[in-house]
Amino acid sequence: MTTRKPKPGVEPEQAPALLDECRRCALWEHATQPVPGNGPRHALVMIVGEQPGDHEDLQGKPFVGPAGAMLDRALEETGVAREDVYVTNAVKHFKWEPRGKRRLHKTPAQREIDACHYWLDRETSDVVPKVIVVLGSTALKSVLRDAKATLQASMGHAIEHEGHVVVATYHPSFALRATEKETRERAYQAIVEALRDAHRIVARHRKER
Ligand code: URA
């Protein structure tokens, strides 16, 4: 992510230059480190998840735990190399609560999603992806800047949004954790289908350039 000076009239704490310095919400206090996006600067596909999990918080990279393994499998099935896509999260710090010795994921609040939109916005303007694949409802709300957006209404069709094409699908954690095997398989297939759609849109875009 490029370093930028705050705009005149904007308090520096509201416009931190570095993710490490971010205090726009309180999540940094209990996280090991912020987790920035990862991938080529001008990737045509950006994938946005919810927030780092336990593994990501410790390693400082997005999607390196079980959800990341599923995402990698889906990408491979689609014929898209992970190295060619930019992968990030709507929220850059791990939000968790203790359960015994474990740190359990807690869904970020809307105010935390809104606070972190500052970083997603910067990533989107740096990378300028053609397609943004949103994994799950937090990512969807953040990317569309619409707290009322739902996966149900947004899946199955591409959404034109601020010069990008947004393709919405389930979060891999949903496909991992659903109790019914059939639901898990259906969710996984929906993720693969969304990545295929992204691949097709990018291929069409390349031809037209
Ligand atoms: N879940 C996410 O949404 N993002 C990650 O980076 C890991 C798990």
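Read the numbers this way: they start at 1 and go in the same order the structure lists the ligands and their atoms.
Ligand-side atoms of ligand 1 in range of His171: 1 (N), 2 (C), 3 (O), range being under 4.0 angstrom from any heavy atom. When each atom of ligand 1 is checked for a heavy atom of Gly49 under 4.0 Å away, the hits are 3 (O). Heavy-atom contacts of Glu50 reach the following atoms of ligand 1: 2 (C), 3 (O) (cutoff under 4.0 Å).
For atom 4 (N) of ligand 1, the closest heavy atom belonging to the protein is Asn89 OD1, 2.7 Å. Atom 5 (C) of ligand 1 has Gln51 O, 3.4 Å as its closest protein atom, hydrogens excluded (heavy atom only).
Between the side chains of Glu112 and His93, no donor-acceptor pair is found at a separation under 3.5 Å. When only modelled atom types and interatomic distance are considered, Arg122 and Tyr118 share a side-chain donor-acceptor pair under 3.5 Å.
When only interatomic distances are considered, the shortest N/O to N/O separation between Phe63 and ligand 1 falls below 3.5 Å.
Remark: of the listed residues Lys101, Lys95, Arg103, Arg99, Arg103 is the sole one forming a salt bridge (Lys or Arg N to Asp or Glu O under 4.0 Å) with Asp54.
The backbone N or O of Lys130 sits nowhere less than 3.5 Å from a side-chain atom of His164 that would complete a donor-acceptor pair.
A salt bridge links Lys181 with Glu185; the closest basic N to acidic carboxylate O contact falls under 4.0 Å.
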